[in-house]
Every structure is written in structure tokens, then in C-alpha cells.
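Remarks on the structure that follows.
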Amino acid sequence: MTIDRRQFIGTTSALAAAATFGVHQSSAADPKTTVNFALVGLGSLATNQIAPALQKTKHAKLVGVVTGTPSKEKVWADKYGIAKQNIYNYENFDKLAENGDIDVVYIVLPNGMHKEFTVRGAQAGKHVLCEKPMANNSDDCRAMIDACNTADRKLAIGYRCHFEPHHQHCIELARSEKFGELKAIEAGFGFKIGDPNQWRLKGDLAGGGAMMDVGVYALQACRYLTGEEPAEITAQETKTDMKKFAEVDETITWAMKMPSGVMCYCSTSYAFNGINRFNAYGEKGSFGLDPAFGYGGIKGKSSAGPIEFENVDQFAAEMDAFAKCILEDRQSTVSGEEGLRDLLAVEAIYESIRTGQRTKVGSV
Ligand code: NAD
């Protein structure tokens with residue numbers, strides 16, 4: 001198994017005695033309990049989800065921003081009390097190296113910019129939390145991991161579902177074989193994409209289309225439910241709008257065979273709304289979530305009845321978990337290697353579409 005279940009579930013569990021490490025101003029007499037974050041890229045996700053979530057975190061604090069839009073500087077400074085010396089742009093970003101107030105940079109830029117800002121962030125001595133998908137390709141993922149290792153900084157990917165109770169419960173159900181040995185999983189996530197001029201439809205900035213953006217949630221679900229890496233993949237793409245999707249994929253269906261024999265049937269699309277679920281089938285019953293991958297409103301059921309938990313702020317949980325990893329000097333369960341494994345599977349999916357062949361997945 002690539003993800004240890006107790007480690008995974010433990011991401012939201014109680015703190016062990018915290019030895020501070022790599023966090024500014026730490027001292028044995030006054031152990032830090034908070035890690036200071038700067039958001040890099042102040043677009044929709046940073047504005048509407050991450051900054052509000054940072055008002056709820058216990059161990060992560062918003063103290064800085066990096067933006068290419070000067071008009072946002074005052075707006076964010078006023079709204080969140082960001083000090084002038086903690087506001088950067090993409091050009092002077094490297095000067096973060098001189099700023100001891102900021103511990104973590106959270107990269108919330110278009111996918112194609114993740115590598116550059118993760119590498120520069122690590123070189124500036126900062127831990128890095130990077131949004132999903134980790135990068136445009138596995139080579140870039142490896143460069144990001146190397147840069148963080150070289151700088152002795154931690155790297156985590158924004159896989160928020162790992163910190164969500166319904167998902168965590170489903171992992172328990174799968175790994176404990178509550179409904180018998182798992183035989184099959186179906187998973188899908190997609191939505192109808194709007195503005196034809198947005199970066200998500202540009203190959204260099206997005207790295208791919210629906211697959212890279214939301215298909216990774218279905219891929220992740222199969223990987224964390226089984227705790228296995230896909231051995232072989234077959235995939236097909238359907239394109240109905242050649243102009244809008246000239247540079248990226250529109251709809252992809254794929255099948256993955258896990259080493260244990262579990263079959264995974266997945267789909268993703270930018271062409272229509274509605275698919276947002278996974279179902280897992282064991283020898284003695286099934287369980288699943290629908291909707292599964294939203295920021296809230298997650299609902300589930302199993303052969304034994306409804307799966308009901310309070311919906312949490314997944315971003316707050318994700319950032320607190322990363323902060324605790326830094327405070328306790330632990331590797332994140334959603335590490336760079338975890339992001340790399342997704343990209344290796346995505347590359348096999350694209351390769352299978354290109355060749356029409358069953359494709360083996362590359363190894364870390
Ligand atoms: P967005 O378009 O709303 O924001 C992107 C930000 O990057 C903007 O502030 C923009 O000004 C800036 N930017 C800098 N250079 C740019 C360029 N060359 N082209 C376009 N924008 C540029 O995007 P978003 O929805 O906030 O997504 C940002 C990242 O977050 C992506 O990697 C995306 O996959 C990820 N994301 C994750 C989730 C999640 O649930 N974890 C949800 C949405 C987005």
C-alpha cells in the first residue's frame with residue numbers, strides 16, 4: 001500500500017508532542033503552534049476558498065500574498081491585515097528568502113506555473129503547499145520534489161479530499177473490507193466549462209483539460225480507496241467541440257487495473273454537469289459518495305445505510321494538516337510523491353489515448 005491507513009486517517013487526529021522545526025522564531029522555551037502562509041496567486045480559489053479557510057485554521061495563518069495585479073494589494077492588505085512588507089509580485093518573489101515572517105508559500109496559480117513557483121519558493125527557503133494537479137507532467141513533478149529536498153523544505157499537494165470525513169470513512173470501509181474484498185470502483189468528476197478564453201483551455205497553462213483539472217479526483221479516489229497504484233490503463237477521448245478544446249481534452253473515460261485485480265472505471269468531462277461521485281463494490285456490499293468531490297454537501301450511502309458526517313472546511317483541514325507536518329517535522333500524507341503518482345497515471349491515460357493501446361504506468 002502506498003498510503004498507510006492510520007497515517008492517512010491520522011492527518012486530522014490529535015497533535016503529538018510538537019518539536020518545532022524549520023519554522024521561524026522557534027525555540028525550545030516557546031514552541032510555535034502556528035505556521036505563517038503566503039498565498040501565491042489571488043484568483044478565484046485563493047479569494048473564495050483558501051483565504052476564508054485561513055480564518056478558521058488553528059495552525060496556519062495568512063500573513064502574506066504574492067500577486068501580479070497591483071490593485072489587489074490594497075484590497076487584500078485591508079481585508080486580511082497583510083503587512084506591506086509581506087506583499088510580493090512574481091518578479092520580486094525570490095526576495096521572500098529575506099523574509100523570516102513567512103514559512104509556507106501556497107501556490108494557487110495555473111497548473112503550468114506550479115513548477116516554477118514551487119522551485120523558486122523552495123530556493124527561497126519556504127515550505128510549499130501546491131494546488132492540484134501538481135504540474136503539467138511528471139518531469140516537472142520530479143524537479144519540484146528535488147528542489148524541496150535540496151532545500152530541506154516540505155512539499156504537499158492540495159488534495160483536500162484526504163482531510164474530508166466522508167472520504168476518510170470510505171477509506172476505512174475499503175481497507176477494513178467491511179463489505180468484503182473490493183472488486184470494482186467507478187468514479188467520475190466533470191462539469192461544463194464556460195469562458196472559452198480561460199487558462200484551463202490553454203495547453204501550456206493547464207497541461208491538459210478535464211483530466212488534469214477534475215479527472216484527478218476520480219483517479220485519486222481509486223488510488224486512496226484501494227491503497228494501490230494502477231498497473232495498466234486503457235483510455236478513450238471524445239471531443240465534440242474541436243475549436244474550444246483544440247489544446248486540451250474534453251471528455252475521457254478510462255479503465256485501470258489495480259495489482260490486486262480491482263477494476264476501476266472512471267470518467268471526466270468539461271462538456272456537461274452532473275458527474276461527481278464514486279461507488280466501490282465489494283464481495284458483500286457497496287458504498288459510495290454522490291456528490292463526492294465538492295467543497296461541501298458531500299453525501300454517501302452504503303449497503304448498511306447512509307454515510308453521514310458533518311461537512312468540514314476541507315481547505316482549513318488541509319492547511320492545518322500541512323502546518324502540523326511542519327511543526328512536527330513529518331512528511332505530508334499528500335506529499336510531492338503523491339502528486340507525481342497521479343501525473344504518472346495521467347501520462348499513461350494520455351498515452352493510451354494516443355496509441356489506442358493498453359498502457360503500463362511509469363514508476364516513481
Ligand atoms: P483562477 O484563474 O481563478 O486564478 C489564477 C490566478 O493566477 C489569478 O489570480 C491570475 O491572475 C493568476 N495568474 C498569473 N499568471 C497567470 C497567467 N499567465 N494566466 C492566468 N492566470 C494567471 O484559477 P483558480 O480556479 O483559482 O485555480 C488556481 C489553481 O488552483 C489551479 O491549479 C487549479 O487547478 C487549482 N484549483 C484547485 C481546486 C481545489 O478544489 N483544490 C479548485 C479550484 C482550483
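Numbering of ligands and ligand atoms starts at 1, following listing order.
For the residue pair Gln220 / Glu338, a side-chain donor-acceptor distance below 3.5 Å is found, with atom types taken as modelled. Glu318 and Tyr106 are linked by a side-chain donor-acceptor pair at a separation below 3.5 angstrom, with hydrogens and angles left out of the test. Remark: the Asp94 side chain and the Gln123 side chain contain no N/O donor-acceptor pair separated by less than 3.5 Å. Between the side chains of Ser138 and Glu347, a donor-acceptor pair is found at a separation under 3.5 Å.
Taking a cut-off of under 4.0 Å to the non-hydrogen atoms of Lys72, the atoms of ligand 1 that pass are 9 (O). Close contacts of ligand 1 with Met113, meaning ligand atoms under 4.0 Å from a residue heavy atom, involve 14 (C), 15 (N), 16 (C). Every atom of ligand 1 with a heavy atom of Arg160 under 4.0 Å away is listed here by number and element: 39 (C), 40 (O), 41 (N).
An N or O contact shorter than 3.5 Å is missing between Thr69 and ligand 1 by distance. The shortest N/O to N/O separation between Tyr90 and ligand 1 does not fall below 3.5 Å. Ligand 1 has a nitrogen or oxygen under 3.5 angstrom from a nitrogen or oxygen of Gly43. Taking any N or O of Leu109, backbone or side chain, at least one lies under 3.5 Å from an N or O belonging to ligand 1.
Atom 3 (O) of ligand 1 has its closest protein heavy atom at Ser44 N, 2.8 Å. Residue, atom and distance of the protein heavy atom nearest to atom 32 (O) of ligand 1 are Asn111 OD1, 2.7 Å. Here the protein heavy atom with the shortest distance to atom 42 (C) of ligand 1 is Tyr295 OH, 3.2 Å. The protein heavy-atom contact nearest to atom 39 (C) of ligand 1 is Tyr217 OH, 3.1 Å.
For Lys56, the side-chain hydrogen bond (donor to acceptor under 3.5 Å, both in side chains) test picks out Asp313, with sequence neighbours left out.
Comment: Lys154 engages Asp329 in a salt bridge, judged by a side-chain N to carboxylate O separation of less than 4.0 angstrom. Using a cut-off of 4.0 Å between Lys/Arg side-chain N and Asp/Glu carboxylate O, Arg358 and Glu232 are scored as salt-bridged. The residues Lys115 and Asp139 are annotated as not salt-bridged, no charged nitrogen and carboxylate oxygen being separated by less than 4.0 angstrom.
The option from Tyr159, Phe293, Phe117, Trp199 that lies nearest to atom 23 (O) of ligand 1, judged by heavy atoms, is Trp199. If you check each of Pro110, Ala135, Gly207, Gly112 against atom 20 (C) of ligand 1, the one with the closest non-hydrogen atom is Pro110. Nearest-residue assignment for atom 33 (C) of ligand 1 (options His114, Gln49, Lys132; heavy-atom criterion): Lys132. The option with the heavy atom closest to atom 26 (O) of ligand 1, from among Leu205, Leu45, Val108, is Leu45. Scanning Gln314, Arg200, Glu131 for the heavy atom closest to atom 44 (C) of ligand 1 points to Arg200.
With rounding to the nearest 0.5 angstrom, the NE2 atom of His166 is 11.0 Å from the CD atom of Gln168.
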Show me the donor-acceptor pairs, under 3.5 Å and distance only, between side chains in residues 276-287 and residues at least two apart or in other chains.
from: Asn276; atom 1: OD1; to: Ala292; atom 2: N; distance (Å): 3.1
from: Asn276; atom 1: OD1; to: Phe293; atom 2: N; distance (Å): 2.7
from: Tyr281; atom 1: OH; to: Glu186; atom 2: OE2; distance (Å): 2.9

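Contact annotation for atom 28 (C) of ligand 1: protein present (non-hydrogen atoms, distance under 4.0 Å).
Under the 30°/60° scheme for interplanar angles, the aromatic rings of His127 and Phe322 are found to stand perpendicular.
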